[in-house]
Amino acid sequence: MSFESILFEGPHGPTDASTVEPPPFFQDLNLDQVLTRITKGREEYDLAPFYYSPLRCLATVAYRQEVMHDLENRALMDAINLFSGKMHEMRAAIAQSDQLHYYKFAMERRFLVAAQVYFEAVDGLRQDLHSLGIKSRGLCAFRDYLDEYSSSTAFRDRASQTQGLLSDLSEIRYAVLIKGGAVTVRNYEGEADYSAAVEETFEKFRRDSKNEHWVELPRWDGMNHIEAQIQRGVALLHPDAFRRLEEFYSANRNFLDNTIARFDREAQFYVAYLKFVNKLRAAGLNFCEAQVSATSKNVGGRDCFDVALAAKLLDEQQKVVCNGFCLRDPERILVVSGPNQGGKTTFARMFGQIHYLASLGCLVPGKEVRVFLCDQLYTHFERREQATNLRGKLQDDLLRIHAILEQATSNSILIMNEIFSSTTLKDALYLSKKILQQISDRDLLTVCVTFLDELASLNHKTVSVVSIIDPVNPTVRTYKLQRQPANGLAYALAIAEKYHVTYDSLRERIKS
Amino acid sequence: MKVLLMHRDRDFDLPKELPRNTWNRRNEHDFDLPADSPWNSKTLTQDLDLETIWSAMAEQDDFLFEVARKAFLDAFDNDIDTVLYRQQVLKDCLEHRLVVVDLYNVAVEAIVKGRKTSWGLTSHYPSSMLYGATDTLQVFLDILRRLRGIAEQNASAFKSEGFKALFSRLTTELNDGYLASIEDHLAMSKFRQGVLFSAQLGDSNECAKLVLRKSAQGKQRWFERIFGKGPPAYTFHLHERDEAGGRILSNVRDRSISRVAVALTESADHILSFFTMLRAELAFYIGALNLRGRLAAAGGPVCFPVPSRPGSRQLCFHELYDVSLCLRMKSRVVGNTIDATGKNLIVITGANQGGKSTFLRSVGLAQIMMQSGLFVGAEAFEGELSSAMCTHYKREEDATMKSGKFDEELARMSEIADHIVLNTTILFNESFAATNEREGAEIARQIVSALLEKGVRVFYVTHMFEFPRSFFDAKRADATFLRAERLPDGTRTFKLAESEPLETSYGEDLYREIFR
C-alpha cells in the first residue's frame with residue numbers, strides 16, 4: 001500500500017485542512033501555554049499548525065491513536081529520536097554546505113557528509129521498524145514504504161558511493177610547509193611525530209602537571225582563503241578523489257526523499273506530545289486514550305486535570321488536584337459554582353482541553369475518559385475592559401454570546417466562564433437564564449461557571465457541580481469539585497482576612 | 001547655569017534614558033517604565049489611559065513622550081506652589097507660542113549638532129577629544145549667541161517668574177566678554193602653529209612632566225633659524241612609511257595636550273547638559289501646547305484649575321470631560337458639572353454604558369493633570385491636591401492561573417493599603433464584583449468604611465446595588481451619590497446627576513436589542 005502521511009490515512013493526504021492560526025478559544029483554555037511547552041526546542045518542525053487543526057472524522061482520530069499507542073513503546077521512541085537526530089544533523093550539514101559556497105571543496109565535502117548521515121538515518125530506522133513490534137496502520141505502512149525505498153538500486157548505489165568516497169578522502173595524508181610568508185603543501189612522506197617525540201622527551205618533567213596552562217586554540221571561525229588555498233594544493237595532489245567529490249555534489253543535489261522528510265516532521269507531533277505527557281506521568285498523573293464518539297453525549301472521566309496548570313504546578317513542585325466529570329442523558333450542562341479560587345475555572349478549562357486534545361487524536365489527561373467529537377468548540381471568558389472599546393462591557397458580553405449562539409449547532413461544545421459579572425444580580429440572573437434556556441433548546445454540551453446558584457437547578461439538562469470546602473479550615477482550598485447542590489457559600493470574607501483588607505485589619509494597617 | 005522652568009529651586013528630574021527624536025513605540029501598551037517610577041505607574045497609565053494623552057503631547061516624538069510621562073507620574077510630589085509656578089510658565093507659553101517653539105528648536109539644534117561633532121568626547125585619545133570638543137564648542141558658541149538674542153528680545157513680554165529669571169540669567173551670564181574669551185581659547189587650541197610644550201627628562205631620559213606652552217607671538221621662519229638669525233635648532237623627519245614611529249610621536253603630543261583636551265571636553269559636556277535640561281523642561285510645555293492644539297481641534301475646552309491644599313476636600317467643576325476619550329473620538333464629548341465640595345465618598349451608579357467609567361477617568365485625569373501643572377479638560381475646575389492617587393479597576397482573568405479574580409482583586413487592594421497616606425485619592429471601578437453581590441457588597445462596605453476613617457477620598461463606580469445602598473441609607477453628609485442618567489424612553493445621555501442608587505442596570509434593554 002502507498003504511504004503519504006503519519007498524521008492522515010490514505011493516499012490522498014490530509015482531508016482536514018491545516019490552519020496556521022490558532023483556534024479562537026486557544027488562549028482561553030490556556031492551550032497556548034501547553035503548545036509552547038510541547039513545541040519548545042522543536043521550532044524547526046513548525047508543529048503548531050498540527051495542534052491548531054482538530055479532526056472532524058473518527059477514522060483519523062483512530063489512525064492517530066494507534067500510532068500514539070505504538071510510540072508508547074520506549075524502544076520505538078528511541079529509534080524515532082535517533083532517526084530525527086540524524087535528520088537534523090543532515091539538515092545542519094546542508095545548511096553549512098550552502099554557506100560555504102565561496103569555498104568549493106569545503107562546500108562539497110559538507111554535502112557529502114550530509115548525504116552519508118541521511119543514508120544512515122534511513123537504514124537505521126528501517127531496521128528498527130522491523131525489529132520492534134509495531135501494530136498501527138500508519139507505522140506499518142511507513143515501514144513498507146521504507147523497505148521499498150531503501151532496496152531500490154538508486155538508493156543502494158548512492159549509499160555505497162558515498163561510503164566509498166568518504167573513506168577514500170579520509171585516507172589522504174599531506175604535509176604543509178610554512179616558511180616566512182611561504183606556505184607549501186606536499187605529500188606526507190612518513191615523517192615521525194615530532195610532538196610525540198617532544199612529549200616523550202619531556203615526560204619526566206610533566207609528571208605532576210595538570211595541564212593548567214593548556215588552552216586549546218580554537219580553529220579560525222569559519223572558512224578562510226588560506227585554508228582554501230591549502231585545500232587547492234591537496235586537490236592537485238589527489239585529483240581523482242576530488243573529481244569524484246565534485247561529481248557527487250552535482251549529481252546528488254536532491255537526495256532527500258519528500259515522503260521521508262514529511263514523516264520526519266509529522267512524527268514530531270507524537271514525539272513532542274508524548275514527551276510532555278511522560279513528564280506529567282512521572283509525577284503520578286494519568287493519561288489515557290479517550291473513547292471518542294460522534295453521536296453519544298454521555299461524556300465523563302476520572303482523575304482528570306488541567307494540563308496547563310499541572311505543568312506549571314509541577315515546575316513549582318506543587319501538588320496537582322484531579323477531578324472527575326460525568327454527564328448522562330439527558331444531562332448536557334455542567335453548572336459550576338462555589339467559593340472563589342476553588343478551581344471552578346480550572347475545571348472548565350479541563351473539560352475544554354480534554355475534548356480538544358481528544359479531537360487531535362492525542363492522549364487525554366485522566367482515566368476512562370469518554371468524549372464527544374464536536375464540530376466546534378466555543379469559549380466565552382471575561383475580557384479586560386478596554387478604553388478603546390467604547391461599547392459597554394455588558395453589551396460586549398452579549399454580542400459575543402450572541403455571535404456564538406448564531407454559529408453553534410447541536411454538535412458544538414460551549415464553555416462559559418462567569419459571564420455577566422459586571423452587571424447587577426438581577427440583570428445577571430435574567431440574562432443568564434435566557435441564555436441557558438437557548439443553550440438547552442439547542443442541546444449543546446456546556447460548562448457554565450457562575451456565581452448564580454439559581455442556574456444550577458434551572459432544568460433537567462443542568463447538573464450542579466460545586467467546589468468543595470475543607471470544613472476544618474475554610475480558607476484552605478481543596479480544588480476538589482463534586483456533583484452536589486449549589487450551596488451559595490463563597491467564603492469571600494475568609495479571603496479578605498487572608499489579605500488583611502477587612503475593616504479591622506485596614507484600620508490597623510493604614511497610618512493616619 | 002540652570003533652566004528652572006519646572007521647579008522654582010531645582011532641576012526637573014530627567015528620565016534616566018532619554019530617547020532621540022524618533023517615534024519607535026512599537027505599540028500603545030508597550031510599557032517600559034523607568035525603574036525609578038512610582039510603584040503604581042503601570043496601573044495608573046493603563047486605567048486612566050494616560051498613553052493617549054502622552055501621545056497627543058508627543059506628536060510622534062519619543063522624547064516629548066518620555067518627558068510628559070515623567071511629569072505626569074511624578075505629579076503627586078508637587079506642592080501648590082509648584083503647580084501655580086508651572087501654570088504661570090504655561091500661560092506664557094500659550095501666549096508666546098512661537099517664541100517658545102523657537103527656544104525649543106534652538107535647544108534641539110544644539111543637542112543634535114553637539115552629538116554630531118562630539119564623537120571625540122568618548123575617545124581616550126586626547127587629540128581626538130580635543131578635536132571633538134573644539135568643534136562642539138564652536139557650534140555651541142553660535143547657538144548661545146542666538147539664545148541670548150531671543151532672551152533679550154523677549155525679556156519684557158513674558159510675565160512668569162520662571163521665564164523672567166531664565167531670560168535674565170541668559171543675558172547676564174552669556175555677556176559679550178565671556179563669549180569672546182571662549183572664542184579666543186577655541187582659536188588657540190587648534191594649534192595651527194604646532195603644539196608647544198615644556199618637558200623634563202624621565203627615568204629613561206624620556207619626555208616627562210610635559211607642560212603645554214603658548215607659542216611666542218612673532219613667527220620665526222625656518223630659514224631664519226637655519227641661517228643663524230634665531231637660536232640653534234635640529235629638525236628630523238619621520239619616514240612616511242614608518243608607522244610605528246608615527247604612533248609614538250602622537251603619543252607625546254597627546255600627553256602634552258591632555259589637560260587642555262579634558263578641560264574643553266568638560267566644558268562642552270556642561271553646555272550640552274544645559275541644552276539638554278532646557279530642552280527637557282521646555283518639552284513638557286511643548287507637549288502641553290500640542291495637547292491644547294489637539295483638544296482645540298476636537299472642540300474640547302480647557303481651563304486652568306484652581307488648586308487647594310490637600311485635605312480641603314474642595315472639588316467643584318463645570319463641564320468636566322474625559323480628555324482621553326475626546327482625543328480618541330476627535331470630537332467633543334459629554335461633560336459633567338458637579339459640586340462635591342466637602343465629600344469624602346463619591347459613588348457613581350447606574351446604567352451600563354451610561355458614562356460611569358468615562359466620568360471616573362475624567363476625574364482621575366483632571367487630578368493628575370492639575371498636579372503636573374497642566375490645564376484640565378473642563379470649563380472650570382477647583383479641587384484639592386491629593387498626596388497620592390491609586391486606581392483599583394476590575395481585571396481580566398489571571399493568565400498565570402495563580403489565583404481567582406476575587407483573590408487577585410483583594411491582593412491588589414492589599415498592595416494599595418501598603419501605600420496609602422493621608423489624603424490619598426482612590427478610584428474604584430467595578431471593584432469586588434467578582435463574587436456574588438451580597439458578599440461583594442460586604443467586602444466593599446468594610447474596605448470603604450476603613451478608608452474614609454483614615455482620611456482617604458474615595459470615588460467608586462459600581463453596578464452593585466447593595467453596597468451603595470448601605471452608605472446611602474446611613475445618610476452621611478460627606479458622601480454623594482451620582483447616577484448615570486437614563487431618559488424614560490431608554491436612551492442614555494451619558495450625563496451624571498445626583499440621585500439615589502437604583503436596583504437595575506437595564507440589561508433587559510440590551511438583551512432585546514441584541515437577541516431580536
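Proteins get letters first, then strands, A, B, ... in listed order; numbering begins at 1 in each.
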Per-residue contact mode, A:Arg509 against chain B (heavy atom under 4.5 angstrom):
side chain
Answer yes when B:Glu453 and A:Arg507 have at least one side-chain N-carboxylate O distance shorter than 4.0 Å, and no when they do not.
yes
Please identify, among B:Val421, B:Thr358, B:Ile443, the residue contributing the most non-hydrogen atom pairs under 4.5 Å to chain A.
B:Ile443
Sort B:Glu466 into side chain, backbone, both or neither according to what part of it lies under 4.5 angstrom from a heavy atom of chain A.
neither
Find the one option among B:Leu410, B:Asn423, B:Thr462, B:Val448 whose heavy-atom pairs under 4.5 Å with chain A are most numerous.
B:Leu410
For B:Arg412, what residues pass the salt bridge (Lys or Arg N to Asp or Glu O under 4.0 Å) criterion, not counting sequence neighbours?
B:Glu408
In terms of heavy-atom pairs under 4.5 Å with chain A, which of B:Asp47, B:Ile447, B:Asp322 leads?
B:Ile447
Give a yes or no on whether a salt bridge exists between A:Arg349 and A:Asp28, defined as a side-chain N under 4.0 angstrom from a carboxylate O.
no
Okay, A:His500 and chain B: the region with an atom under 4.5 Å from a heavy atom over there is neither
I'd like to know if the side chain of B:Arg294 and the backbone of B:Leu327 have a donor-acceptor N/O pair within less than 3.5 Å.
no
Where does A:Gln27 contact chain B at under 4.5 Å (heavy atoms): side chain, backbone, both or neither?
neither
Non-neighbouring partners of A:Asp443 that pass side-chain contact (heavy atoms from CB on, under 4.5 Å), sequence neighbours left out
A:Lys297, A:Arg332, A:Lys461
A:Arg37 vs A:Asp315, salt bridge (Lys or Arg N to Asp or Glu O under 4.0 Å): CA-CA, chis, key distance, verdict:
CA-CA 12 Å; A:Arg37 283 177 188 272; A:Asp315 283 352; 2.9 Å; yes
Using non-hydrogen atoms only, which part of A:Leu405 is less than 4.5 Å away from chain B: side chain, backbone, both, or neither?
side chain
